[in-house]
Every structure is written in C-alpha cells, then in structure tokens.
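Read the structure below first, then the notes.
Remember, predicted model here, so these are calculated numbers, not experimental data.
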Amino acid sequence: MTQQEQQEFAARLKEALAWMKAVQEQLNANDDTAGPRDALEARLRATEKIHHSEHNGQMKVDQVLMAAENLLQSGDEELRNSTNSKLKELKNQWEETTTHIVHCHSRIEWVWLHWSEYLKEKLWQLDQQRVAVSDVKSQVALLERLLDEAAALHSRTGDPSVDALARQKLEEDYNDVRDRAQERLTLLEKISDEHQKFHNEVQKFQSWLVSKTRDLTELMKPGDTPENKLQALETLDESVDCGEETLKQIERVADSVRANTSPAGAEAVQEEAEELRVGWQRLRQALSEAREGLHYSQDSHSQYLTRCQRLGEEIGRIRELLSGLDQELEDTQESKRCSATTEEEMEGQFRRYWDVKNTLAGKESQVELLKSQLKELFRFSEDSRHLSDDVLAVVKEHQSVKCRASRLCSQSEMELRSLLQDPLLNFSQWANSVSQVTEASNNVSDFSHTAMLLHKIQGLLESSVQLQDRLRQLEVKGDLLDSVFGPERSDDLRVKLSSAIRTRELLHSQLLERKNRLQNLISRTKDFDESYQLILTKLSLFRERLLAADALQPDILAKKSQLDQMLALQKELEDGRAQLTVLETLVSSGQSNRTQYEKLCADWTELHRRVMVKVQDCEEIVSDHESFQSELLHTEKWMMVMRQKLESFRSSAGVWSVEGRRAEAQRLLGEFPEKELQVQQMEVQVLRVLEKTSMDGQVHIQKDMERLKERWIELRSLSLTLDGLLAGSSETAFGSQERFQPDLPLSVQTDPTDEPEGLRQKTPGGDEDNRRGSRIDCSEFEAWLSREYNILMGLIRTRKKAHSAEEVRSRQKTLQVLRGRLPEGQQLLRLLLQQAQKNPDVDESLEDLRYRWLLYKSKLKQEEDVMIAEDTKREDDFKGRTEKKPGLLRRICRLALLLWLLFLALLLLAFLLPLMDDGNSCSLSNNFARSFSVMLRYDGPPPT
C-alpha cells in the first residue's frame with residue numbers, strides 16, 4: 001500500500017512541477033515591456049491568461065499535499081524527511097511562481113496603461129488649470145467687497161494697513177495671480193492641442209498606412225495582367241511618396257510635443273514617431289519588392305507565353321500524328337472485319353501494324369520532351385493546368401495507340417505464324433492419313449472396304465495437289481519468314497519445308513500406285529448384284545437401328561444416349577456414301593442395274609435426311625428437358641429459402657409479427673409476382689417436355705410438378721398471411737393494459753349480422769352531407785360497442801371447448817363479421833369526436849369510450865391470431881397422425897430401395913474388377929468401367 005501511495009505522490013508532484021516549469025517558461029518569454037504597443041498588448045493578454053490559470057496550479061499543489069498526508073504519517077523516518085523536503089521545495093517553487101506571475105502581469109499592465117496616459121495627464125492638468133482659473137475669476141466679487149470694506153475702515157479709523165496703497169497692492173496682486181493662471185491655462189491649452197493634434201495625426205497616418213498596405217495586398221493577388229498591376233503600382237507608389245511630407249510634419253509636431261512632455265512621455269512619443277517612419281519605410285520596401293517582382297513576372301510571363309505556344313504546337317503535331325496512326329489502325333482492322341482476308345492481305349496488314357508500331361516507338365522521345373517542357377513551365381507562377389491536361393491527354397493517347405498497335409501487331413503476327421505453319425501442319429496430318437490408308441490397303445478383299453479406301457485415296461490425292469501449291473508458295477516467302485519468325489526459326493522452317501516437299505512427292509507417287517491397284521481390283525469384280533445386296537443389307541440395318549432408336553425416352557440420360565446413337569448413325573451414313581460411288585463404276589449398260597442403283601441412292605439419301613431430322617429433334621428434346629430441370633431445381637431452392645424467411649416472422653407460439661421488420665417483409669413479398677410468372681411459364685414448358693417423354697418418365701415429371709404446385713400454394717398462403725398482417729398492423733398497434741371490464745353478460749345468442757336500427761342511419765354508407773348533419777349520442781355508441789364486445793367475449797369464453805368442423809367455421813365467420821364492422825365503429829367514434837370539438841360540454845366519458853374501443857380492437861386482433869395458431873396446430877397434428885402410419889406402398893418402397901442399393905454396390909464392384917488386372921489393359925483407356933455401352937475387351941498394349 002505504501003508503494004502505491006509513493007507512486008501516486010511522485011506522479012502528483014511531477015505534474016505540479018511540470019505545470020510550474022511550463023508557466024515559468026511562458027512568463028520568461030513574455031516578461032518584456034519593449035517593442036510596439038500591439039506586441040505589448042499581446043504579451044499582456046498572455047500574462048492575463050496565465051494569471052487566470054493560477055487556480056489550476058493551486059489545485060495541483062493541493063493534490064500533492066493530499067497525497068503526502070499518508071506518507072507523513074508513515075513510521076519510516078527517512079520517508080517522512082524525504083517527503084518534507086520535497087514539499088518544502090514545492091512550496092518555495094509555488095511561491096516563486098505566483099510572485100513571478102503577479103509581478104510580470106502587473107509590470108506589463110502598468111506599462112500598457114501608461115502608454116497612452118501622457119495625453120490624458122495633460123488633458124487632466126488642463127482641466128485642473130481651467131478649474132483654478134475659474135476659481136480665481138470667481139474671487140472678483142469678494143475682492144471688490146474686501147476693497148470697499150477696507151476703504152470704509154480706513155475712512156473710519158485711518159489705519160495705514162488698509163490705505164489706498166495697500167488696497168492698490170492687493171488688487172495688483174490679484175491681477176497678477178489671475179494673469180499668471182490665465183497664462184498657465186493658455187500654455188496648457190497649447191500643449192494639449194499640440195499633443196492632441198499629434199495623436200490624431202498619428203492615428204490618421206497609421207490608418208493611411210493600413211489602407212495602403214491593404215491596397216498593395218489586393219493589387220498583388222492573382223487575376224490581373226502584370227502590365228495592369230505595374231500601372232496600378234506606380235499610382236500607389238506616388239501616393240506613398242506623398243505621404244512622406246505628412247510624416248515629416250508629424251515628426252516636427254512630435255519634436256514640439258516632446259519639449260512639453262516628461263522624459264518617459266517624450267521617449268514614448270519619439271518611439272511612436274519612429275514606428276510611423278519604420279512602417280512607412282516598410283511599405284516603401286514592399287512597393288519596391290512588388291515592382292521588382294512584377295517586372296520579373298512580366299519577363300517570365302513573356303517567356304511563359306513563348307514556351308506555352310511552342311509546347312502547344314508540339315502537342316498539336318503529335319496529336320495529329322497519333323490521330324492518323326490510330327485511323328490507319330482502325331481502317332486496317334475494319335477492312336479485316338468486312339471481308340475474308342487472304343494470305344497476301346494478312347501479310348499487308350501485318351506490315352502496316354509493324355510500321356505503326358515502329359513509328360510510335362520513334363515518337364517516344366518527343367513525348368518525353370513534352371513532359372520535360374511541361375516541368376519547365378511549372379517553374380513559372382502562371383497556371384499551367386490546361387497545358388498539363390493537354391500533355392496528359394497526349395501521353396494517354398500515345399500509350400493507348402501504342403498498346404493498340406502492339407496488341408494488333410501481336411495478334412496479326414500470331415495469325416500469320418499460324419497461317420504460315422498451316423501447310424506444314426496440314427502436310428503432317430496428310431502424311432499420317434496416307435500412312436494409315438496405305439497400311440489398311442495392303443490386304444483388302446471386301447468390296448465395301450475397297451470402295452471406302454479408294455474414296456479416301458482420291459481425297460488424299462486432291463489434298464496433295466493443294467499442299468503442293470501451298471508449299472511452293474511458302475518456299476518463296478523467305479523475307480516474310482525472317483520478319484515473323486526470326487532468322488533462326490525461319491532457317492529451321494526452310495529445312496522442314498524442303499523435306500516436306502520431297503516427302504509429299506514420294507507419298508503422292510505411292511498413292512497413285514495404290515489407287516491404280518485398287519481400281520484394277522474393283523474392275524475385276526463383275527458381280528453387281530452381290531455388291532448391291534451388300535449395300536442394301538447395310539441400308540436395312542441402318543433403318544432398323546433408326547426405328548429402334550426412334551422412341552420416347554423416360555429421362556434426360558436416356559435422351560442424351562438416344563442423341564449419341566443418332567449422331568453415330570449419321571456418321572456411318574456419311575462414311576457409306578463412298579460405297580455408292582464405287583458401286584456406280586460396276587453399273588453395266590443394262591437399264592435394270594441403273595434403275596436399282598438410282599433407287600438405292602434415293603433410299604440412302606432419304607434415310608440420311610431422316611437421320612438428320614431426328615438428330616435435330618433429339619437436340620431440341622435434350623435442350624428442353626435440361627432447361628426444365630434447371631428451372632425446377634432453382635425454383636424449389638428459392639421456395640425452400642423463402643419459406644424459411646417467411647416463417648421467421650412467426651414465433652414458436654404461432655403468433656405473427658412484423659415489428660421492426662416491415663421493410664424486410666415488403667421486400668420478400670415483392671419477389672412473388674416475378675416467381676408466379678416463372679411458375680406459369682414452367683407449366684407451359686412442362687407440356688412440351690411431357691410430349692417428348694415416355695409414359696414412365698411422364699409419371700415422375702408430373703409428380704415433380706404436383707410437388708412444386710403444392711409448395712407454391714403453401715408458400716403463397718404464408719405470403720398472404722404476412723401481407724394481411726402488414727395491411728392491418730396500423731389498427732392493432734395498441735396497448736394491452738385494461739382499465740375497465742364491462743359488467744355485461746357474456747352471451748353470444750345475438751346474431752352478429754344484426755345491427756341496431758338507430759345506428760344503421762349513421763353508418764359510413766351515407767353521403768358526406770348526411771354524415772355532417774347526423775348527430776350521435778354517446779349512449780348509442782356505447783350500446784353498439786357493448787354488443788360487439790359481448791359477441792367477442794363469448795367467442796373467447798368458448799375457445800377452449802372441443803369444437804367440430806362446423807363450429808370452427810362458425811367462429812371464423814363470426815370473427816370475419818366483427819372485423820368487417822370495424823370501419824363502422826371507427827366512423828361513429830370519429831363523429832363523436834367531431835361533436836365533442838364543437839360542443840365542449842360533452843360528457844367526459846368520451847375518453848373512456850375511446851379507450852374501450854381501442855381495447856376491443858386489440859382483443860379482436862388477439863383472437864384472430866389465436867384462431868390462426870389453432871388452425872396451424874390442427875394441420876400439424878393431422879399431418880403427424882398421417883405420417884405415423886406408413887402405408888403398404890411406402891413399406892414396399894423402402895424395401896425396394898434397399899434392394900436397389902445392394903444391386904448398385906454389386907454393379908460397382910464388377911466395374912472395379914478391371915483395375916485388378918495385371919499388365920496393360922484397354923479397359924481403362926476405352927472407359928469401359930464407366931460406360932453402359934457394350935464393347936470389346938482387349939488385353940495388351942494400345943493399338944497404333
């Protein structure tokens with residue numbers, strides 16, 4: 001505890017000493033009476049602030065003394081002595097500080113008060129002298145009476161002390177005193193007038209200096225040209241020069257004033273005159289500096305204008321160049337977009353892009369020169385923002401055109417590279433195809449196979465001729481190859497090109513030999529009927545496959561499989577066209593063979609057309625089914641999320657509330673119109689999907705749609721409940737405290753649809769004039785309210801009893817009727833309130849009626865909420881009872897699900913068996929383990 005007290009004492013002591021040290025430093029900085037009056041007044045304000053803060057220091061000292069009390073009562077002698085010494089030092093420091101504060105402030109205040117007291121003292125002396133002169137003059141009557149009494153006394157007594165000579169001397173003495181007093185008054189008036197004149201002249205000259213200084217400041221503000229500023233400065237300089245005569249006159253007056261002023265006052269007058277001279281000289285110096293600055297600014301302005309003009313011309317030239325280059329890029333790119341470009345045109349485009357890129361690279365130095373010129377302009381005081389914006393725009397434009405040229409040049413270079421390499425790539429593919437055809441035609445005996453190979457060889461020979469032209473053209477473009485690929489890569493390409501030309505010639509000769517051999521083989525085949533029957537059989541197989549695949553499928557996987565089958569069939573039909581071409585060579589001159597061939601071609605063409613139509617239909621079917629499934633998935637996900645959000649407005653007790661969440665509820669309800677339109681579109685879309693789906697698949701799709709509609713109806717019901725809550729919330733936000741309980745029988749025997757005849761004439765059904773002219777008594781409204789309240793309390797009383805479905809509907813109908821008559825009661829109450837405003841003598845029970853009306857509406861709202869909660873609970877109980885007893889179909893489905901899972905596990909195990917085979921296997925290469933299509937099994941290295 002002692003350690004904590006010592007720390008607190010040390011902290012308090014440190015704060016107090018720091019405050020005193022800061023005050024001492026401030027006092028030392030302000031403890032000076034020399035200088036002009038403004039500086040003296042500023043120091044006076046500073047010392048006054050320090051003097052007013054003295055109580056803060058006293059509070060810090062008191063805090064140190066309070067913290068030292070426990071230490072002084074401690075049993076440690078050394079601690080007490082140390083504390084006493086520190087307190088003594090603190091008290092001495094505090095006394096020294098307070099004394100310094102008082103002396104410093106008093107001394108500066110005394111000097112400041114006496115700064116202008118010399119004139120006041122002279123005026124005070126003048127006033128005193130005037131009083132003295134007036135007193136002397138007021139003694140004239142007394143003197144005359146004294147002289148008369150002295151003359152009378154002398155005439156009676158003959159006393160020589162009051163003889164005529166004594167009386168004359170007395171009168172002369174009075175006149176002498178009066179004259180000297182008058183002379184003193186005149187002298188004081190002259191001295192005061194001179195000092196007052198000096199004071200007025202000083203103030204006037206100081207105001208003149210201030211006004212001229214202000215004029216100089218306004219003159220030097222930016223906004224005008226240097227020439228106009230110089231002209232105005234000359235006028236101001238002449239005016240300041242004229243002020244020297246006034247200053248000399250003030251100095252002469254100051255000399256006269258100093259002669260009639262005390263030494264301290266004379267020194268103050270001398271300082272004041274010298275301060276005027278210093279202020280005038282300072283103004284002259286400022287004028288001289290301003291003149292020199294304007295001359296320099298004028299010279300620099302001319303240089304600035306010259307450089308601006310030169311920079312503007314450079315900007316214009318570069319902008320014009322950049323605009324032309326950008327237009328050239330645009331024209332080249334537009335010509336490329338408008339028409340298909342040949343190799344020569346692509347070469348020309350590349351060269352134009354390359355020239356633009358090189359030109360822009362050469363202009364880099366000019367752009368950097370613009371930046372350096374702009375930096376030189378920043379040294380001038382002129383505003384260069386417009387040029388800065390122009391230079392920045394030029395730099396951005398140059399960078400933009402440069403990037404565009406680089407991008408287009410790179411793109412054109414890539415396209416040209418691809419185009420120049422295409423002949424070699426095509427040759428490589430062509431050579432591979434030739435090798436495959438040559439190998440396949442080594443041992444061939446089947447007519448259809450021979451015809452297909454001959455057709456391929458003819459196509460390869462045609463491609464060989466085209467390759468020859470392209471390779472020859474590429475061989476003569478050595479310069480272009482060097483520009484696009486560079487020297488090293490172009491040499492490699494030339495070597496590959498020469499090798500490709502020689503290899504092409506060799507392979508072309510082999511193809512010609514193989515073509516002749518196959519044609520000879522076909523020419524030896526004279527049996528047209530055998531070939532015709534072979535092709536006809538294949539055509540029949542194609543028809544059977546088309547018929548087998550042309551059936552409605554149940555799901556999206558089956559539809560995609562059907563599409564794949566149709567695409568494979570289309571490919572086989574297109575490949576079989578070569579057999580018809582070869583068959584044509586076997587057609588003899590007989591008309592029957594020609595007729596059979598033409599009929600076979602027609603059948604083949606018709607089947608191909610049907611397959612193409614079926615492929616298009618399958619693609620549309622798959623697209624519609626995928627779109628439907630995607631929309632269904634997204635809509636169900638939205639419904640699930642929206643249901644959770646809407647149910648968050650309902651508490652665990654089944655009470656709905658939107659308090660504090662009205663904006664969120666309105667936003668959620670705003671999503672329903674769009675989703676409702678989407679659901680309607682899905683209902684139309686599902687019809688197209690059902691038309692293209694088998695009966696088994698239609699059952700599942702219809703179940704999905706029924707489930708979607710049920711969820712939509714449930715979600716729409718929740719939204720309507722929330723919407724009704726938003727609409728009626730303004731009428732249910734009342735307090736729940738009850739101030740009264742009406743003493744009425746809780747009977748519900750009265751028909752809720754009955755209305756008192758006296759009130760029917762005053763309901764809101766009439767026009768405005770009838771309502772204005774009608775008058776309602778408080779007793780009538782009270783009777784109507786009591787009757788409604790009776791019905792409501794009867795419903796509340798019988799709430800907990802068991803009800804049949806008919807009774808529940810009756811209670812709901814009664815609540816709806818009560819809710820429907822709320823506007824009527826509100827109108828009646830409004831009329832009563834209007835009458836109360838017109839007639840102040842209305843009974844005070846109107847306030848009680850209004851409160852009873854609010855309570856009735858609150859209870860009606862609560863009963864409606866309870867009714868909704870009970871309905872929800874009954875629905876949940878009904879669902880729970882139905883779910884507790886699963887039917888036979890559900891039990892069968894559960895068992896079937898287990899069997900299906902077991903079957904899938906066994907099937908998965910069968911698919912995984914190929915992974916355990918040793919050695920190389922094509923099972924993984926042809927994706928057998930992941931396919932349901934039947935295919936051959938092959939163990940060994942992949943075929944080449």
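Q629 places a side-chain heavy atom less than 4.5 Å from the side chain of I556. Between L569 and Q565, the closest side-chain pair of non-hydrogen atoms is not below 4.5 Å. Side-chain contact between H625 and I701: present, with at least one pair of heavy atoms (C-beta onward) separated by less than 4.5 Å. Taking 4.5 Å as the limit, some side-chain heavy atom of L322 sits within range of a side-chain heavy atom of L360. Annotation: side chain of S630 is in contact with side chain of H634 (closest heavy-atom distance under 4.5 Å). Between D624 and Q685 there is no side-chain heavy-atom pair separated by less than 4.5 Å. At a threshold of 4.5 Å between non-hydrogen side-chain atoms, the residues V391 and L311 count as touching.
Within a 6.0 Å radius of CD in Q680, other residues, nucleotides and ligands contribute more than 12 heavy atoms. Summarising the local packing, CD of E674 is surrounded by 12 or fewer heavy atoms from other residues, nucleotides or ligands at distances under 6.0 Å. Crowding of R610 atom CZ: a count of heavy atoms from other residues, nucleotides or ligands under 6.0 Å not exceeding 12.
With rounding to the nearest 0.5 Å, the separation of CD in E320 from CG in L325 is 11.0 Å. Taken from CD in E691 to CD in Q698, the straight-line distance is 9.0 Å, to the nearest 0.5 Å. Rounding to the nearest 0.5 Å places CG of L687 at 11.5 Å from CE of M682. Here CD1 of I621 is found 12.0 Å from CZ of R688. Values are rounded to the nearest 0.5 Å. Between the NE2 atom in H700 and the OG1 atom in T693 there is a gap of 11.0 Å [rounded to 0.5 Å]. Atoms CG and CZ, on L690 and F628 in that order, are 7.5 Å from each other to the nearest 0.5 Å.
A donor-acceptor contact closer than 3.5 angstrom links the side chains of K675 and Q678. Looking at E314 and Q366, their side chains never bring a donor and an acceptor atom within 3.5 Å of each other.
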Would you please test Q399 and C403 for side chain to side chain contact (heavy atoms under 4.5 Å, CB included) and show each step? CA-CA 6 Å; Q399 191 67 24; C403 293; 3.8 Å; yes
How far apart are the C-alpha atoms of H398 and E364, what are their side-chain angles, what is the distance that settles it, and do they pass the side chain to side chain contact (heavy atoms under 4.5 Å, CB included) test? CA-CA 9 Å; H398 175 266; E364 287 281 355; 3.2 Å; yes
Worked check of side chain to side chain contact (heavy atoms under 4.5 Å, CB included) between M695 and L552: CA-CA 8 Å; M695 296 300 297; L552 296 178; over 6 Å; no
Stepwise side chain to side chain contact (heavy atoms under 4.5 Å, CB included) test for S509 and E505: CA-CA 6 Å; S509 300; E505 293 176 354; 5.7 Å; no
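A pairwise comparison of heavy atoms in S694 and P554 identifies OG-CA, 3.2 Å as the closest pair. A pairwise comparison of heavy atoms in M566 and V611 identifies O-CG1, 3.8 Å as the closest pair. L563 and V615 make their closest contact through CD1-O, 3.8 Å (heavy atoms, listed as atom of the first residue, atom of the second, distance).
Here E606 pairs with R609 in a salt bridge; the nearest charged N to carboxylate O distance falls below 4.0 Å. Taking 4.0 Å as the cut-off between side-chain N and carboxylate O, E368 and K371 count as a salt-bridged pair. A salt bridge does not link E626 with K559: every distance from a Lys NZ or Arg NE/NH1/NH2 to an Asp or Glu carboxylate oxygen is 4.0 Å or more.
Formation of a donor-acceptor pair under 3.5 Å by the T635 side chain with backbone atoms of L632 is not found in this model. Checked by atom type and distance alone, the side chain of S406 pairs as donor or acceptor with a backbone atom of K402 at under 3.5 Å. Looking at T359, its side chain does come within 3.5 Å of a backbone N or O of D355 through a donor-acceptor pair. Within the 3.5 Å criterion, the main-chain N or O of A551 finds a donor-acceptor partner in the side chain of Q562.
With sequence neighbours left out, S464 forms a side-chain hydrogen bond (donor to acceptor under 3.5 Å, both in side chains) with R504, H508.
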